[in-house]
Amino acid sequence: MKEGKVLAVCLSPTFQNTLVFDDLRQDEVNRAVSDMHIDASGKGINVIRILNQLGRPSQCLMQLGGPRVQEYLDMCKAQGLEIKSVLCDAVTRTCTTVINRKLSTSTELVENAHEVTPKTDREVKDMFLSLLPQSRALVISGTKAAGFSKDIYPWMVKKAKENGLFVVIDVKKQELINSLEYRPDVIKPNLSEFVETFFEDVRITENEDSEYLKARVMEKAVELYRTYGVKTVLSRGRFDTWAYDGKTEITVPSINVPVVNTIGCGDSMTAGFVDAVLDGKSFSDAIEFGMQCAVQRAGHLLHGL
C-alpha cells in the first residue's frame, strides 16, 4: 500500500442503478437486455474506488440516511472502500444510468440529493476536522445537498490548506469561486463547468468541440494562477484535455478507445491524477495518467478500472 492517504468529500452520495438497452424508443416500453446493476456511488466514492484499485489509501466523508444505509455501507465494504459517514434524516438518493448500445451512449438520470439539517452540517464539519491529521490530500467533488452551509466547501479548502494538504476541487459556479481565495492547488471542473462558472456569455456541452474557446480559456487559467496560485485541469469529454501549470499551457491528447459507459470517467481522471502527483510525477505526466484511468473506466459497464 502506498503512503499518503487521500480524503474525498462526497456530500451528495447516491445509489447508482445501471440499465443496458439494445436501443431506446421514445414514448414506448423499453425492456433492458440485462439485469439492473446497483452500486454505491457519488463523485467522491467514484474517486476513492479508483484510488483503492491503484493501491492508494483513501477514505470518503459523506452523509447517509434512510432505510438503505446498511446496504450502501455493505456495498462499499465489499469493495474495500473506507467510508466515514454521518447519519441523517435525509434519505440517500438513487440515480440511474441508461446505456444505449445502438448509439453507444451513456445517459444519466439524476435525482437531486435530499435536504439535510444544520445538525448534519455541524456533524460533517466536525468529522472533517478529525480526519485532516491523517490525510495527505483532499479531493472535493460534485455538488452538495441542500441544507449544507453555503461556505462549507471554501471552509474545507481553508482548513485543509492550513493543515498542509494537497487540495484538488472538482466543483463549479459559486462554490468554485468562493473556494479560490483559500488557494486550492488544482481546480478540475470539466470545460463546460469552467465556462459556466467564469463566462456569462457562453454555454457549451461536455462533449461539444470547443477548440474556438481555447485562447480565452487559457487566458482565464493564467489569470487564476496569478491571482490565487491555482493550477487548472479541464477535461473535455472525448476531446483533448487542457491545463495550465503556472508556467505552461498544456494539451494532453485524447485517447480513442471503444466506450461502454462514460459515467464516472471524470472522477477516475481525478483519482489517477492525484495518485500520480502523490507519487511525485510531473503535472503533465499526472494528467496523462489520469486520462489513462478515465479511458480504462470507460471500457467497463460498472464503476472501477
Side-chain angles (χ1 to χ4, degrees), residues 1-19 34-97 108 110-111 113-114 116 120 123-145 148 156 168 170 261 263-272 274-275 278 293 296-297 300-305:
M1 187 68 74
K2 301 177 180 181
E3 295 182 357
K5 195 169 193 175
V6 178
L7 171 60
V9 174
C10 181
L11 299 187
S12 53
T14 182
F15 288 95
Q16 192 77 34
N17 297 338
T18 302
L19 288 165
S34 67
D35 292 338
M36 181 172 67
H37 301 279
I38 305 175
D39 207 350
S41 190
K43 290 179 71 63
I45 282 288
N46 296 340
V47 168
I48 71 163
R49 181 180 286 111
I50 302 302
L51 288 170
N52 183 63
Q53 292 178 330
L54 295 172
R56 175 73 57 187
S58 58
Q59 56 191 337
C60 189
L61 171 62
M62 64 178 60
Q63 79 281 4
L64 292 172
R68 300 177 68 188
V69 168
Q70 193 57 51
E71 179 185 359
Y72 193 101
L73 294 173
D74 287 345
M75 288 178 176
C76 293
K77 183 178 180 180
Q79 297 177 42
L81 306 181
E82 184 178 348
I83 305 302
K84 301 297 183 181
S85 59
V86 169
L87 296 181
C88 66
D89 293 332
V91 176
T92 301
R93 65 184 177 145
T94 298
C95 297
T96 301
T97 301
E108 190 164 12
V110 179
E111 175 186 337
H114 297 185
V116 302
T120 299
E123 291 178 350
V124 165
K125 286 180 174 179
D126 288 343
M127 187 172 288
F128 177 82
L129 291 176
S130 74
L131 297 173
L132 286 181
Q134 57 191 270
S135 304
R136 171 66 183 86
L138 170 68
V139 176
I140 301 176
S141 296
T143 58
K144 64 183 187 297
F148 280 110
M156 287 178 169
V168 177
D170 180 3
N261 184 358
I263 305 302
C265 286
D267 305 321
S268 300
M269 181 179 178
T270 299
V274 171
D275 181 68
L278 295 182
C293 291
Q296 193 170 345
R297 160 70 193 95
H300 298 284
L301 176 63
L302 303 182
H303 294 296
L305 298 177

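In this structure, Leu51 CG and Ser268 OG are separated by 9.5 Å, a value rounded to the nearest 0.5 Å. Here the CG atom belonging to Leu7 is positioned 5.5 Å from the CG atom belonging to Leu131, to the nearest 0.5 angstrom. The SG atom of Cys76 sits 10.5 Å away from the CD atom of Glu71 when rounded to the nearest 0.5 Å. In this structure, CE on Met75 lies 8.5 Å from CD on Gln79, to the nearest 0.5 angstrom. Between the CG atom in Leu129 and the CE atom in Met156 there is a gap of 8.5 Å [rounded to 0.5 Å].
The shortest distance between side-chain heavy atoms of Ser41 and Asn46 falls below 4.5 Å. The side-chain heavy atoms of Arg136 and Lys2, taken from C-beta on, include no pair separated by under 4.5 Å. In this structure, the side chains of Val110 and Arg93 come closer than 4.5 Å at one or more pairs of heavy atoms. Considering only heavy atoms from C-beta on, Gln16 comes within 4.5 Å of Glu108 through its side chain. Counting only heavy atoms from C-beta outward, the side chains of Leu54 and Cys293 approach each other to under 4.5 Å.
Under the side-chain hydrogen bond (donor to acceptor under 3.5 Å, both in side chains) criterion, Asp74 pairs with Gln70, not counting sequence neighbours. In this structure Gln296 satisfies the side-chain contact (heavy atoms from CB on, under 4.5 Å) test together with His300, Leu305, sequence neighbours excluded. Every residue two or more places apart in sequence or in another chain was checked for a side-chain hydrogen bond (donor to acceptor under 3.5 Å, both in side chains) with Thr92, and none qualifies. For Ala137, the side-chain contact (heavy atoms from CB on, under 4.5 Å) partners at least two apart in sequence or on another chain are Val6, Phe166, Val274, Leu278. Residues passing the side-chain contact (heavy atoms from CB on, under 4.5 Å) test with Asn17, sequence neighbours excluded: Met36, Ile38, Thr94, Thr96.
Residues Lys43 and Asp267 approach most closely at NZ-OD1, 2.7 Å, considering heavy atoms. Of all heavy-atom pairs spanning Val91 and His114, the tightest one is O-ND1, 3.3 Å. Nearest approach of Ile45 to Ala40, heavy atoms of both residues: CG2-O, 3.6 Å. Listed here is the closest heavy atom pair of Leu73 and Ser85: CD2-OG, 4.2 Å.
Neither side chain, Arg49 nor Asn52, offers a donor N or O lying under 3.5 Å from an acceptor on the other.
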For residues 58-66, tabulate all N or O donor-acceptor pairs below 3.5 Å that involve a side-chain atom, not counting sequence neighbours.
from, atom 1, to, atom 2, distance (Å)
Gln59, NE2, Gln134, OE1, 3.1
Gln63, NE2, Leu11, O, 2.9

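Val9 pairs with exactly one of Val124, Leu138, Val47 by the side chain to side chain contact (heavy atoms under 4.5 Å, CB included) rule, that one being Leu138.
Under a 3.5 Å cut-off, the side chain of Thr120 and the backbone N or O of Cys88 do not form any donor-acceptor pair. Looking only at distances, a side-chain donor or acceptor of Ser12 sits under 3.5 Å from a matching main-chain atom of Thr143.
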